[in-house]
Amino acid sequence: MGRRNSAMQGIIFSACIIVVGILLFLDNVGLVRIDNYGNLWPLILVAIGLGKLFDARSTIMRAWAGIFIISGALLLFSNLHILHVHESIIWPLILIGFGVMTLLKTLDRGRVVPVTGTTADGTSFDATATFSELAIFGGVKRRYDSQDFLGGEATAVFGGIEIDLRKASMKAAQATLDINAVFGGVEVRVPEAWIVTVQGVGIFGGYEDKTTAPPTQDGAPTPRLFVTGSAVFGGVSIEN
């Protein structure tokens, strides 16, 4: 999973460089007018959205990725004078998107799902093995104690999320957390026995790894947790 995320990030980064090159070429030949190269900043939103779209494991996160892509594209076209899009149009669209995601989240929580149990064919399951948390203009605090943790995702927008995994454990060799903060903060606490590899990036924000290396265990494989995502005008902290 870690290699897949790294490869996808590399592809998106390369694609953004190509797009910037094309825009600069069009500007030089007079087909597109770029008054200020700083006007290309919405490409950051598009890149983040594309990355989340490919990695999203839920409808809510796909909707969130779509908001990033559409907002970034509209702002970029406006800055390049391709479309006359005023901010008074973009912000209501963003609020509508937030409202849709909140509705989906509320409906999802309304479903009664047992924490553990057995399916009809006798297969056991653990609903706390993964998680998908979203905080918009609010806060979320969760503790997950699954003994077969498989990974999760969390996004904070003008809000905060605290995830406690200190009593969880992994049966698999590795798992991935996708953590994103936009004008918000996310704090994750993990077990001391896990090796944490932070691959998240900070864009006008901070993505901080506060973990310490676990003690050496003879004969037993050490679980590895990959942490991906981005912090845009926000902060993400991982500690054990």
Q. Excluding sequence neighbours, so at least two apart, what forms side chain to side chain donor-acceptor pair (under 3.5 Å) with E187?
A. R189

Q: Treat each ILVMFWY residue as a node, draw an edge where side-chain heavy atoms are under 4.5 Å apart, and state whether F233 and V182 are in one component.
A: yes

Q.
Strictly distance-based, threshold 3.5 Å: is any side-chain N or O of Y207 a donor or acceptor partner for the main-chain N or O of V198?
A. no

Q. What distance do I238 atom CD1 and I163 atom CD1 have between them, rounded to the nearest 0.5 Å?
A. 10.0 Å

Q) What pair of heavy atoms forms the shortest contact from A168 to P191, and how long is it? A) O-CG, 3.4 Å

Q. Which residues satisfy the side chain to side chain donor-acceptor pair (under 3.5 Å) test with S237, sequence neighbours excluded?
A. none

Q | Inter-residue atom distance M170.CE - L165.CG, 0.5 Å rounding | A | 9.0 Å

Q. How far does OG1 of T228 sit from CD1 of I179, to the nearest 0.5 angstrom?
A. 7.5 Å

Q: Using a 4.5 Å cut-off on heavy atoms from C-beta on, say whether the side chain of F149 contacts that of F131.
A: yes

Q: Please report the closest heavy-atom contact between A193 and T222, naming both atoms and the distance.
A: O-CG2, 3.2 Å

Q: Enter the distance from E162:CD to R142:CZ here, rounded to the nearest 0.5 Å.
A: 11.5 Å

Q.
Within this structure, what is the OG1-CD distance for the pair T211 and E192, rounded to the nearest 0.5 Å?
A. 10.5 Å

(Q) Applying a strict under-4.5 Å side-chain criterion to I, L, V, M, F, W and Y, I'd like to know whether F226 and I195 cluster together. (A) no

Q | Distance-minimising heavy-atom pair for V236 and A181 | A | CG2-CB, 3.9 Å

Q: Kindly compute the distance separating OG1 (T155) from CG (D178), expressed to the nearest 0.5 Å.
A: 7.0 Å

Q) Does N240 reach the main-chain N or O of T212 with its side chain, forming a donor-acceptor pair under 3.5 Å? A) yes

Q: Determine the minimum heavy-atom distance between V190 and R166, stating which atoms define it.
A: O-CG, 3.8 Å

Q. Who passes side chain to side chain contact (heavy atoms under 4.5 Å, CB included) against S169, sequence neighbours left out?
A. Q147

Q: Determine the minimum heavy-atom distance between A129 and D148, stating which atoms define it.
A: CB-O, 3.4 Å

(Q) I need the minimum non-hydrogen distance between A175 and G151, along with the two atoms involved. (A) CB-N, 4.0 Å

